[in-house]
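Only a predicted model underlies this, so the values are computations on that prediction, with no experimental measurement involved.
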Amino acid sequence: MYVCLCRGITDTQIRKAVQAGKTEFRQLKQSLEVGAQCGKCVRMAMEIIAAELDKTDSDQAPLYYKVA
């Protein structure tokens, strides 16, 4: 789905950028130019970043063990 209509940026592009290490919005803005024009996409882009970071955090092994 298109997130930024001004620049033609999709959610897939944002997800790939986050997976490549661009975990902050300003890094995405520098590389993809998301949010550089009208700014209506900023909220959605930040939600995608957060969701992608949550997904990578949950994929990692827990740092603790539950005690019965």
Donor-acceptor pairs under 3.5 angstrom involving side-chain atoms of residues 16-25: please list them, not counting sequence neighbours.
from, atom 1, to, atom 2, distance (Å)
Q19, NE2, E52, OE2, 2.8
E24, OE1, R26, NE, 3.3
E24, OE1, R26, NH2, 3.4

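At a threshold of 4.5 Å between side-chain heavy atoms, the hydrophobic network of Ile, Leu, Val, Met, Phe, Trp and Tyr places L53 and V34 in one connected group. Criterion: ILVMFWY side-chain heavy atoms under 4.5 Å apart, direct or through other members. Under it, I14 and M1 are part of a common hydrophobic cluster.
Atoms CD and CG, on Q13 and L28 in that order, are 10.5 Å from each other to the nearest 0.5 Å. For the atom pair CD (Q27) and CG (L32), the distance works out to 11.0 Å, reported to the nearest 0.5 Å.
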Show your working on side chain to side chain contact (heavy atoms under 4.5 Å, CB included) between R15 and I48 and close with a plain yes or no. CA-CA 7 Å; R15 290 180 202 284; I48 293 170; 3.8 Å; yes
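Residue pairs that meet the salt bridge (charged side-chain N to carboxylate O under 4.0 Å, His left out) test with at least one member in residues 37-49, sequence neighbours left out, do not exist here.
Taking the salt bridge (charged side-chain N to carboxylate O under 4.0 Å, His left out) definition, one finds that E33 meets it with R7, sequence neighbours left out.
When all heavy atoms of M44 and V3 are compared, the closest pair comes out as CG-CG1, 3.8 Å. The minimum heavy-atom distance between C41 and G35, with the atom names listed, is SG-N, 3.3 Å.
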